[in-house]
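Order of listing sets the numbers, starting from 1, for every ligand and every atom in it. Quick caveat: nothing in here was measured; it's all calculated off a predicted structure.
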Amino acid sequence: MKIYKNHIAEKIAGIIGDDRDRIETLLEIPPSEDMGDLAFPCFTLSKDMRRAPDVIAEELGNKIGRDNLIERAEAAGPYVNFYIDKSHLISTVIDQILSDRDDYGRSDEGSGKNIIIEYSSPNIAKPFGIGHLRSTVIGASLKRIYEYLGYKVVSINHLGDWGTQFGKLIYAYRNWGDELKLNEDPIGHLYELYVRIHREEENDPKLVELTRSEFKELEEGDSENIDLWRRFSDLSRKEFRKIYKMLGVNFDSEKGESFYIDKIPAVEKSLKDRDLLKESQDATIIDLEKYEMPPILIRKSDDTSLYATRDLAAAIYRKKEYNFDKMVYVVGVAQSLYFRQLFKSLELMGNDWADNCHHVSFGWVKLGEEMMSTRRGNIVFLEDVLARTVEEAKKIVEENSPDLPDPDSVAKAVGIGAVIFTDLSCRRDTDIAFDWDKMLDFRGNSGPYIQYSHARICSVIRKYGKELKKEYNAGLLLLPEEYSMAKMLVCYPDIIKKAANEFEPYYISNFLLELCGIFNTYYQKYRSPEDRILSSNSDVADSRVTLADCARIVLHSGLKLLGISAPEMM
Ligand code: ARG
């Protein structure tokens, strides 16, 4: 829309002698299509010019005539509605997409800027949670989006590999551990031990002391404890890697919390120098009462470090190491207060960059009843959920298209795509539910629906059979759906920017659903030999297939930004 906004702003500015850029920011997209493609509200000018907005609109409407970008301008009350020249818009967007191809919408607006995106961050020795999945999927998508806009992105997996729970685990493993089980099913066994020690601690307070001192020894570098901890950590990382592989996700750095232990003394010194530390009930805290927040705990009475201490050290380390312009933490909404405390503490420590840290939060994820049936003992393993989703996808795919050459890879693309799309299908802060029927509904608002629409276009192009040679005539694309589709394609680059600015991949998923909606109506509505996409009139067919190909390119690109693959047949 940029070129049209520019053009209209220039015309208006020329007539009233105002600043072009200011006019441009006032332009709006009208709520419905019959009110034109862009609208200019005259309220702001009315104040400056001391004339009624309707009068100004009337005058502008009369003075702005037709040209090759604008079909007409019309006053409607205090607004001037602009109707873009349809064939200009259609040919401009087709030319742009055909020349940029897979890079359509890419930009260099972030060039020279550095952003850290921290996501996933599951806890060692525990199952990879469904909440960690959402963090992973949102974070990985944001990484691709920011890279598309030219930013240098550093992706970090801040593994939860330190803390009192390791004292508990070490104690539990020494007393009840089973070497064989640990090798066979590391996470299952460690989780079993974790549950057991929690239960036993409740009945026997002495145990709490014992496990605490195991952690203290670990933090002081006791070599036996370190060896055990390292084993747990290596085994967990290996399990997590399987999940990342299924999802096609990777990281630039996987330094867990343990990495920051030796950086904590310097953090504490700087807190002390600024007089920020306070003793409270034997623990050391940063008092945040002035900011209407509870205190943040820095050191416990037994002198061991805490989650927050390690986060302070990590943030400071990352600033030094990467000199980021922006750092975002993709973490569930349960930690919102915690991140406010953390950023405030960084600010109090004199870090003026604390303002550039953001908590990108997301809502809760619920597993439907059926998914709960994949439980092993008490817990649902994400690996099992993913595997079952792919199995379910395979059943559907084989039923829909029994002749697919490679049903396994399509089932994998569809199953994993369905999971990823569910995580990205609404605003981050919305809670979501995982449910196979919905996720895999080829007709619903699902990942498979978009993949299916994409494959449908690929099939139209295959049937067309000729090479697409940029030979089209925008004057032949006169159906309302053709214009709506082209208009959507024009907006794609802006949608990517919006998704980045608000850390909301949802804008892209929603855009793709809408685009598929228009394409599928177009595909189904016109069935006569002349009217359908592969029209009997070959000039019309050339032009329609070219436009469909542009939609295909954009669907493919959008799915890729979300982390979803786009099979050509399904
Ligand atoms: N491991 C943590 C958890 O599972 C999430 C870590 C979030 N990142 C951070 N820098 N605190 O709750």
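For the side-chain hydrogen bond (donor to acceptor under 3.5 Å, both in side chains) test, residues two or more places apart in sequence or in another chain that qualify with Glu502 are Tyr507. Here Phe381 pairs with nothing under the ring-ring contact (aromatic ring centres under 6.0 Å, His included) rule; sequence neighbours left out. Listed by chain and residue number, Leu98, Asp549, Arg552, Ile553 satisfy the side-chain contact (heavy atoms from CB on, under 4.5 Å) test with Arg101 (two or more places apart in sequence, or in another chain).
Both tests hold for Lys255 against Phe259: distance to the six-membered ring centre under 6.0 Å, angle to the ring axis within 45°. A cation-pi arrangement is found for Lys319 relative to Phe324, the charged atom lying closer than 6.0 Å to the ring centre and inside a 45° cone about the ring normal.
Checked against Leu218 for a side chain to side chain contact (heavy atoms under 4.5 Å, CB included), the options Asn225, Thr164, Leu169, Thr304 give a single hit: Asn225.
Sorted by chain and number, the residues within 4.0 Å of ligand 1 by heavy atom are Glu118, Ser121, Asn123, His132, His158, Tyr307, Asp311, Tyr329, Val331, Gln335, Phe339.
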